[in-house]
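For reference, the structure is listed below as structure tokens.
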Amino acid sequence: MSPWRRGYWREASNLIKKGDGCPRKKADAAQDRDAGDKPPTPVIAAFKVFQHELDTKHDKYERLVKISRDVTIESKRTIFLLHRVTSVPNAEEILNEAEVKLDGVRQKIGQIAEELRGEDIYQFHRAFTPGIQEYVEAVSFLHYIRHRSLISLEEINASLVFMRTEEVGAQDAAETLLPGTHVLTFQVTPSDYLLGVADLTGELMRMCISSVGNGDIDTPFQLSQFLRQIHDGFSYIGNTGPYEVSKKLHTLRQSLAKVEDACYALRVRGSEIPKHMLADVFSSRTTLIDPEEGVV
Amino acid sequence: MQQRLSLNKPTQDKESETGPVTFLSGEQYRVCSGVKPLTRRRKKRFVIKRTVVSLASIELHPIRICTKNKLVHITNHMSVTEMFSHIQGFLGADQDVREDIRKVVQLLEQAAREILTVLQSVHQPSGFKEIPSKCARARELFCTVKTHIADLKTKFPAEQYYRFQEHWRFVLQRLAFLVTFVVYLESETLVTREAAAQILGIEVVREKGFHLDVEDYLAGVLIMASELSRLAVNSVTAGDYTRPLRISNFINELDSGFRLLNLKNDPLRKRYDGLKYDVKKIEEVVYDLSIRGLAKEAESAGDK
């Protein structure tokens, strides 16, 4: 029996007091005796309550983590789907398919909202924030492709309203519109929105590069201006935002530099080089970029 | 460069193509053309296939509406910037609230330090006799704590406790420890979460308001366990040979209680891992006393 096992010293001192031999067997027996028979003291009873409380909270947290993972995966798939828009003639079909996928994601977010009903959302925020950021990235990407603008936080939240039907006799009269239904909303926080938009810029950079490869020479210029606006916005926010923003700002600068270089390459070389070779010129150019040069 | 923007309905269905269109203010719309967008290099023309019927309800930047074969330009370079200003508004307000909270928490920490100073003196040999008076003094100081916490509650919306929890978590755990320690010194029992919250002037249940989170309470108990292992050692030095035995029973019961909990790998778990060393230390003290027969001597001589 090692000294690190609980109760070793207690048993040892007990035995030495009594002057018994065979400490090992008796110590084990004593341990088992202690564990089972005694009636629960107030302390033990209190800890049983704590156990229950902690277990409930951890279970909810885990459920939210699972849903958040599903949201992340589905959003990422939507983004991959949207990247195909540049290379496929029938963009509308892809956009509609993406819309359907995002509706599925919204249903999952509805489940998150359901779990969070009656809770303080910040207690569990860490559980679902990655999923929500990924969703913001996907939905803003789709919005940009459709409308060439940045989706607003209000717009995102407006689409995250869920109707839930309940059995007749629902207690919560304040929230019901019709008897038996109530409205559940999920509010994306400004910081999650910001982080999602920061990730969006990476996807836009990829879109820019792939559009050049497809012979679309207009998108890089539009993207360049758009990304510049976003970059300026982030610079304005500086470090008053969540701390992850500073890391993402660095990546954003790199993405912006790549896009600006693409525009430069197109402007300078666009007329000289046949379209199908533009992509090669461009990709060799981006690999020459030293990341540190992009940092202001 | 002027961003070329477009006016369009949000929906794409064909039925409402020619009907009146309503716009939401601040929204960007696309003039549908179906042809490739214009580029400066190619200088192609846009054809406007659908006309805009009602612009009255929108607030757009200056628009040059042109006849059929010309372009509609809308300057929108403010909108991304506006978005970020809007977000910055939220972030700035958040920062202000946190600043206010930090100020009150500093006062709370000061009060906690004062209580700790009072209670630390029980470790000294002379301090053992003065335990009741020190506990009384500590209880007085808890009133200051109550005032500060009442002030803290006013600094943020009550339902956003966990949003700002990180600011006061440390000091609240300290306070839980101090409460638990005082109650132990007075009665040698474990203060219940309800009683601890009452001494601090806060709730137990989240729904009722600023509350003592169960994890913070447990962290305070664990800090007290470390303090008790030190107290056991010092009480032997001061000549009190019975106290360590009582402390030992108490700590072992705490240990059994903690073993019931299913903890995750969070800070509470790490703190709990320290408990076994406290248990061990106290067991060693008890062992030292037992083999030398000092405990028995003390028992037969009566409490000092």
Side-chain angles (χ1 to χ4, degrees), chain A residues 3-4 6-10 12-14 16-17 34-35 41-44 46-51 53-55 57-58 61 92 118-125 146-150 152-153 155 189-191 193-194 197 217-218 221-222 225-226 229-230 232-234 236-237 240-242 270, chain B residues 1 3 5-6 12 26 28-30 36-41 76-77 79-81 83-88 90-92 94-95 159-165 189-190 192-193 206 214-215 217-218 248 252-264 276 279-280 283-284 286-287 290-291:
Chain A
W4 303 114
R6 286 191 178 88
Y8 172 73
W9 293 105
R10 173 176 37 159
S13 65
N14 283 343
I16 288 169
K17 266 192 247 170
D34 281 350
T41 62
V43 170
I44 298 292
F47 272 88
K48 287 215 167 100
V49 171
F50 300 149
Q51 177 201 54
E53 215 175 303
L54 285 175
D55 282 349
K57 181 193 146 198
H58 290 147
Y61 194 91
E92 200 52 44
E119 301 282 354
D120 184 336
I121 59 167
Y122 282 93
Q123 191 177 17
F124 302 98
H125 183 242
R146 271 233 168 91
H147 306 289
R148 288 289 188 264
S149 70
L150 181 63
S152 71
L153 178 58
E155 226 176 304
T189 61
S191 74
Y193 171 77
L194 215 51
V197 168
I217 322 186
D218 315 311
F221 296 101
Q222 294 170 353
Q225 190 195 19
F226 184 65
Q229 289 169 1
I230 294 188
D232 294 345
F234 271 101
Y236 174 64
I237 287 187
T240 62
Chain B
M1 168 172 131
Q3 173 112 356
L5 247 221
S6 24
Q12 305 272 341
Q28 316 301 327
Y29 294 98
R30 175 192 291 270
K36 277 187 256 177
L38 178 86
T39 65
R40 273 189 183 164
R41 294 184 66 232
N76 79 325
H77 57 270
S79 109
V80 170
T81 320
M83 207 85 72
F84 277 90
S85 298
H86 182 53
I87 299 284
Q88 169 64 8
F90 284 117
L91 297 174
D94 187 66
Q95 292 271 40
E159 64 275 3
Q160 292 182 12
Y161 176 89
Y162 283 99
R163 185 171 176 181
F164 304 104
Q165 191 200 26
T189 58
L190 178 66
T192 61
R193 185 154 65 118
R206 178 185 63 86
V214 65
E215 293 192 8
Y217 165 77
L218 289 172
S248 168
N252 287 325
E253 199 182 14
L254 273 186
D255 188 44
S256 314
F258 271 98
R259 266 184 274 161
L260 288 175
L261 302 180
N262 303 314
L263 296 175
K264 302 236 132 177
K276 60 179 177 288
V279 169
K280 177 172 170 290
E283 296 295 354
E284 283 174 347
V286 168
Y287 173 75
S290 324
I291 52 167

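Below, read A as the first sequence line, B as the second, and so on, with proteins coming before strands; counting in each chain starts at 1.
- For B:R206, the part lying under 4.5 angstrom from a heavy atom of chain A is the side chain only.
- At a 4.5 Å heavy-atom cutoff, the contact between A:D55 and chain B is made by side-chain atoms alone.
- Atom CE in B:M83 sits 10.0 Å away from atom CD in A:Q229 (nearest 0.5 Å).
- In this structure, chain B has a heavy atom under 4.5 Å from the side chain of A:E53, while its backbone stays farther away.
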Show your working on side chain to side chain contact (heavy atoms under 4.5 Å, CB included) between B:F84 and A:L150 and close with a plain yes or no. CA-CA 11 Å; B:F84 277 90; A:L150 181 63; 4.2 Å; yes

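- Scored by the side chain to side chain contact (heavy atoms under 4.5 Å, CB included) test, B:H86 finds A:E154, B:F90 as partners (sequence neighbours excluded).
- Contact of B:S85 with chain A is made through backbone and side chain together, with heavy-atom distances under 4.5 Å.
- Here the side chains of B:E215 and A:L54 are in contact, with some heavy-atom distance below 4.5 Å.
- For the residue pair B:L91 and A:G241, the shortest heavy atom distance occurs at CD1-CA, 3.8 Å.
- Counting heavy atoms from C-beta outward, A:F50 and B:R193 have side chains that approach closer than 4.5 Å.
- Both the backbone and the side chain of B:E253 have a heavy atom closer than 4.5 Å to some heavy atom of chain A.
- B:Q160 CD to A:I121 CD1: the interatomic distance, rounded to the nearest 0.5 Å, is 8.0 Å.
- Within the 4.5 angstrom heavy-atom criterion, atoms from both the backbone and the side chain of B:F258 approach chain A.
- Evaluation of the salt bridge (charged side-chain N to carboxylate O under 4.0 Å, His left out) rule for A:K48 yields no partner, not counting sequence neighbours.
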Chi angles and distances behind the side chain to side chain contact (heavy atoms under 4.5 Å, CB included) call for A:Q51, B:N262: CA-CA 7 Å; A:Q51 177 201 54; B:N262 303 314; 4.2 Å; yes

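- For the atom pair CD of B:Q165 and CD of A:Q123, the computed distance is 7.5 Å after rounding to the nearest 0.5 Å.
- Expressed to the nearest 0.5 Å, how far CG of A:D120 lies from CD of B:E159 amounts to 8.5 Å.
- Annotation: side chain of B:I87 is in contact with side chain of A:L153 (closest heavy-atom distance under 4.5 Å).
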Stepwise side chain to side chain contact (heavy atoms under 4.5 Å, CB included) test for A:I44 and B:L260: CA-CA 8 Å; A:I44 298 292; B:L260 288 175; 3.9 Å; yes

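- The contact between A:F234 and chain B is made by backbone and side chain atoms together, counting heavy-atom distances below 4.5 Å.
- Options A:D232, A:T41, A:T189, A:V49 differ in how many heavy-atom pairs under 4.5 Å they form with chain B, and the most are formed by A:T41.
- Taking OH of A:Y122 as the reference point, atom OH of B:Y161 lies at 16.0 Å (rounded to 0.5 Å).
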